[in-house]
A.B. asks: 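Here it is, the structure, as C-alpha cells.
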Amino acid sequence: MESDTPVGANGVGNEGEWWKTMLPPEMRRKPSVLPKEKKSFDKSDARNLILSYEKRHRQAFDELEKRQGGDNLKFVVVSPGSGFGNRQMVIVAAFLYALLSQRVLLVDWLSHETQALGDVHDLYESPSGLKLSYSQARRLWPEWGGWGNASMLVFDNTHYYTTEWSVEELACRNFTEEHSEDSLVYLITDQYVASFMSINPFYETIVAQLGDGGSLFKNLFSILLRPVKPIRKIVEDFVDKNFYGYYVIGMQVRYGVGQFYLKEDQDEFWRCALSMGRQLPISTQKKLRYFIASDSQQIIHEAKRALGNKLIYYETVRGNDAAGQDAWYGAAVDNFLLSECDDIIVTSTSTFGYVAAARKDIAPMTMSGMFRRCVRPLSSQPQNTAHAAIRRTTCFENAETLRPEEDMLCANLGSNHACNSPTALKMAEQFQNRPLAWEINFNMHHNGEPAMPSDVVKKLDEISRAGGIDAWSYSFEDHMREGIQMMRITDISMAREQFRCASAIAYIDGSPHLRIEAYKALARAYLSEDSQSDLDLSGAMHMFWRILKHSKDAAISLNLAQLLQAYNGVPKVNIIATLFRQSLHLLSEEEEIKIDMAALGYFKLEKLLEISRRDIDTKAISQEFPKIKAALEDAGYTKDSFDIEGTRIFL
C-alpha cells in the first residue's frame with residue numbers, strides 16, 4: 001500500500017501549537033546582537049546575584065502587600081506543566097531566568113488541569129522565607145495594572161525546528177533588554193531550559209559560577225526550595241532509622257511509562273542493582289541496602305521477591321494525580337529519600353529520578369526496561385531532551401556548543417549515544433566531565449531490542465498471565481484474519497486490538513516471518529484513523545523499528561525516517577539521516593531502482609542536511625549514491641521538480 005496523505009492531517013501534526021497565534025511574527029526571526037566579549041565573573045559575583053535577588057523579591061511583595069508603587073515590578077511567571085520531576089526542573093530553570101533577567105519568580109502551580117495540590121507552598125517552601133505563589137501574589141493586589149502587561153516565552157520542545165524564537169532568546173539574547181516594557185514574562189515549557197541559558201554568551205560565565213563546577217541544579221534548588229516541614233520530618237526520621245550505618249543504593253522504578261510492565265523487564269532492573277552492589281568492597285557489601293521508590297505497589301512486591309531483606313521502602317499511596325494529595329506527598333517523600341542514597345538507579349526518560357540525582361549531584365545509573373540496558377550518563381544535571389535545538393540559533397558556534405553533558409544524549413537509551421558506546425566515552429574525555437572507564441556499564445540485552453508500544457506490552461503481559469500462547473483463546477491466524485476484516489470495514493480500534501494480540505503472539509513465538517507480518521499489519525493500523533482512533537505515529541514507528549531488526553527493507557527504513565520527521569517528539573537528525581541513507585543503499589543494490597522511493601529518500605535527505613547546516617555531508621550525497629543520482633537524472637527528477645512535502649508511506 002502507498003499513501004500520499006500527509007501524516008498530521010486533521011490537526012494531529014499541529015498539536016501543541018496553540019500559542020503561535022499569540023506571538024508577533026518578528027519574534028521568531030529577530031537576529032541576536034551578541035556581546036563583543038564575555039564578561040568575567042567570580043564566586044563573589046554569584047553570591048551577590050543571589051543576595052540582590054532576595055532583596056528584590058522581598059521588595060516586590062512589600063509593594064504588592066501595600067498596594068502602592070508597582071511601576072518597577074518585573075515578574076517571570078512559570079507554568080511548570082505536569083509531573084513531579086518536570087515541575088522541579090522547570091521551576092529551577094525559571095529561577096535562573098529570574099536571576100539573570102532581574103525579575104522576580106512566581107510559580108503558577110495550577111496551570112495544569114490535572115492537579116491535586118492547589119499551590120506550590122502545599123509542597124515546597126523557600127529556605128529564606130520567600131513567597132513564590134502566583135495566585136497569592138495576584139490576591140495581594142488584584143487591581144495592579146501590570147498583571148495584564150505580559151508577554152510569553154514558550155519553549156515547546158516538540159516543535160523546536162519550526163519555532164526558533166524561544167531558543168534564540170534563551171540561548172543568545174540579553175534578558176534585561178528583552179521584554180523590558182513588560183511587567184510579566186510567562187515562561188511555558190516542560191524542559192530544563194537552563195541548558196540554553198548556560199551557553200548564552202551574555203551569561204555563560206556567571207552561570208558557570210552559580211553551578212560551581214557542574215552542580216547548577218543542586219545549588220539553585222537548595223537556594224530556592226525545600227519540602228514543607230511535615231515532609232522533611234518524615235524524610236529525616238526514615239533516614240535515621242533505615243539509612244544510618246548502611247550503604248544505600250536508591251532505585252526509582254517507574255511503572256507508568258510502560259517500561260516495566262513485564263516481569264522479565266523488572267528482573268533486568270534487579271540485575272542492574274545487584275551488579276552495582278557486587279562492585280562495592282566486601283566490607284561495604286555487608287552493610288548494603290536497597291531503597292526503592294515507585295508509582296506501583298506491584299513493583300514493590302516484585303522488588304521484595306528479588307532483593308529480600310535488603311530492600312527498604314516508604315509505605316505510602318502510590319499513583320499519579322488521580323490518587324490525590326496523599327500520593328503527591330508520598331511521591332515527595334520518595335523523591336527526597338532517593339537524594340539521601342549513596343548511589344541511584346533511575347528509569348530512563350523519567351524526570352522523577354533525574355531531579356533526585358541532580359539534587360545529590362550524582363550521575364545516576366539509568367535503566368531502560370524496554371531496551372534492557374543499564375548505563376551511567378555523563379552528568380548529574382537533569383535532561384533537556386531538545387538541547388540540540390541550539391543548532392538553529394544565530395549564536396551557535398560549533399559542536400562544543402552542543403555540550404553533551406547538558407543534553408545527556410547518552411541518557412536517551414534509544415539514541416546512537418548510549419553511555420556504553422565508544423561515542424560516549426569519547427565525549428566524556430573531550431569534555432572532561434567524569435571518567436567512565438573505571439566503571440562497567442551493563443548492557444542488559446545483547447541485541448538491543450527496540451521498544452514495543454505499551455499497548456502491545458500489555459498484551460504480552462495478558463498472554464503471559466493466561467499461561468502463554470498455548471493457553472490463549474485465539475491463534476495468531478485468528479487475530480490476523482479478524483484484524484484484516486476490521487480494516488476492511490474501517491473499524492480501526494478493533495483492528496489495532498487484533499493486530500496487537502497477533503504481534504504479541506508472534507513476539508513470543510519468535511518466528512521472524514510471523515513477526516514481520518504482524519508488525520506490518522499493526523503499523524498500517526496505527527497509520528489509519530476513524531471516528532474513534534487518531535493516527536498513532538509513535539506506535540507505527542515502534543513497529544517499523546521492530547521490522548528492521550528482522551529484515552533489511554528500503555521501504556521500512558524510508559517510512560521510519562519520514563515518521564520521525566513528522567512525529568511530535570524530539571527530531572534526531574543523525575538517526576533520521578542514517579535511516580534515509582540505509583534506504584538509499586538498499587535501493588542502490590536492487591537491479592531496477594524504484595525511482596519514486598529513491599527520489600523521495602534522496603531529496604528528503606538532502607533537505608534535512610541542508611536545514612541542519614551540515615554542508616559537507618550535503619555535498620557528499622551524490623558521491624555516496626552515484627547510481628541513485630544517475631537514475632534520478634535519467635528520469636528528469638530534480639529537488640525543485642519532485643514534491644517531497646508531507647509523508648508518503650510504502651507498505
Side-chain angles (χ1 to χ4, degrees), residues 19-20 22-41 45-46 48-57 59-60 63 69-79 90 92-106 144-156 160 163-189 191-211 216 220 384 387 389-397 401:
W19 42 267
K20 282 187 181 178
M22 304 179 68
L23 305 174
E26 64 271 14
M27 288 295 290
R28 300 183 209 125
R29 298 292 176 183
K30 179 180 171 185
S32 297
V33 179
L34 304 181
K36 293 181 179 179
E37 60 180 6
K38 296 177 183 178
K39 289 185 178 180
S40 170
F41 295 96
D45 294 310
N48 290 335
L49 189 67
I50 299 296
L51 292 173
S52 64
Y53 173 82
E54 292 184 352
K55 180 179 179 181
R56 181 167 69 250
H57 194 114
Q59 287 177 340
E63 289 188 35
D71 293 339
N72 297 316
L73 289 178
K74 301 284 186 182
F75 295 101
V76 54
V77 180
V78 61
S79 301
V90 172
V92 168
F95 180 42
L96 178 60
Y97 183 85
L99 289 171
L100 301 177
S101 63
Q102 298 179 28
R103 290 178 175 270
V104 171
L105 174 65
L106 296 175
W144 178 54
W147 298 123
N149 179 23
S151 59
M152 298 178 69
L153 179 60
V154 181
F155 179 61
D156 176 9
Y160 71 77
T163 55
E164 301 173 14
W165 72 271
S166 56
V167 185
E168 182 78 22
E169 181 169 335
L170 290 166
C172 304
R173 295 183 184 163
N174 186 325
F175 299 163
T176 55
E177 294 179 1
E178 295 292 322
H179 312 292
S180 59
E181 301 300 318
D182 300 317
S183 301
L184 269 67
V185 172
Y186 286 98
L187 176 60
I188 302 174
T189 185
Q191 290 295 310
Y192 186 56
V193 293
S195 73
F196 297 138
M197 291 179 258
S198 70
I199 61 157
N200 186 307
F202 290 96
Y203 307 109
E204 182 177 356
T205 52
I206 188 64
V207 173
Q209 292 299 332
L210 288 168
L216 181 64
L220 293 182
N384 176 358
H387 183 77
I390 58 171
R391 285 183 179 277
R392 306 290 291 166
T393 63
T394 58
C395 62
F396 178 74
E397 295 176 351
T401 315

A.B. asks: First locate atom CE of M197, then atom CZ of R173, and finally report the distance between them rounded to the nearest 0.5 Å.
C.D. replies: 14.5 Å
A.B. asks: In the structure I gave you, are the side-chain heavy atoms of L99 and I206 within less than 4.5 Å of one another anywhere?
C.D. replies: no
A.B. asks: Can you name the closest pair of heavy atoms from A93 and A194 and give their distance?
C.D. replies: CB-N, 3.7 Å
A.B. asks: So, for S151 and H179, which heavy atoms are closest and what is the spacing to 0.1 Å?
C.D. replies: OG-ND1, 2.9 Å
A.B. asks: Looking at every heavy atom in both C172 and F202, which two are closest together, and how far apart are they?
C.D. replies: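 Nearest heavy atoms, C172 then F202: O-CE1, 3.3 Å.
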A.B. asks: What distance do K55 atom NZ and N48 atom CG have between them, rounded to the nearest 0.5 Å?
C.D. replies: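 Between atom NZ of K55 and atom CG of N48 there are 11.5 Å.
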A.B. asks: Ignoring hydrogens, what is the shortest heavy-atom contact between A98 and V76? Give both atom names and the distance.
C.D. replies: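 Closest approach of A98 to V76: CB-CG1, 3.6 Å.
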A.B. asks: Carefully, step by step, assess R56 and Q102 under the rule side-chain contact (heavy atoms from CB on, under 4.5 Å).
C.D. replies: CA-CA 8 Å; R56 181 167 69 250; Q102 298 179 28; 4.2 Å; yes
A.B. asks: For the residue pair T205 and D45, establish whether any side-chain heavy-atom pair is separated by less than 4.5 Å.
C.D. replies: no
A.B. asks: Carefully, step by step, assess Y97 and F175 under the rule ring-ring contact (aromatic ring centres under 6.0 Å, His included).
C.D. replies: CA-CA 8 Å; Y97 183 85; F175 299 163; 4.7 Å; yes
A.B. asks: Kindly indicate whether the side chain of R103, heavy atoms from C-beta on, has any atom under 4.5 Å from the side chain of V185.
C.D. replies: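 Side chain of R103 against side chain of V185, heavy atoms only: contact under 4.5 Å found.
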A.B. asks: Output, in order, the C-alpha distance, side-chain angles, deciding distance and verdict of side-chain contact (heavy atoms from CB on, under 4.5 Å) for V104 and Y53.
C.D. replies: CA-CA 7 Å; V104 171; Y53 173 82; 4.2 Å; yes
A.B. asks: Determine the minimum heavy-atom distance between C395 and A171, stating which atoms define it.
C.D. replies: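 Closest pair (atom of C395, atom of A171, distance): SG-O, 3.4 Å.
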A.B. asks: Check whether any side-chain heavy atom of N174 lies under 4.5 Å from a side-chain heavy atom of Y203, and answer yes or no.
C.D. replies: yes
A.B. asks: Between atom OG of S198 and atom CG of L96, what is the distance when rounded to the nearest 0.5 Å?
C.D. replies: 8.5 Å
A.B. asks: Under a 3.5 Å distance rule, please check whether N149 uses its side chain to pair with a backbone N or O of L184 as donor and acceptor.
C.D. replies: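 Not at all, since once roles are kept as given, no pair shorter than 3.5 Å links the two residues.
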A.B. asks: Would L100 and V207 count as a side-chain contact (heavy atoms from CB on, under 4.5 Å) here? Give the steps.
C.D. replies: CA-CA 9 Å; L100 301 177; V207 173; 4.0 Å; yes
A.B. asks: Output, in order, the C-alpha distance, side-chain angles, deciding distance and verdict of side-chain contact (heavy atoms from CB on, under 4.5 Å) for I50 and L210.
C.D. replies: CA-CA 9 Å; I50 299 296; L210 288 168; 4.1 Å; yes
A.B. asks: Which atoms form the tightest heavy-atom contact between S101 and T176, and what is the distance?
C.D. replies: O-CG2, 3.8 Å
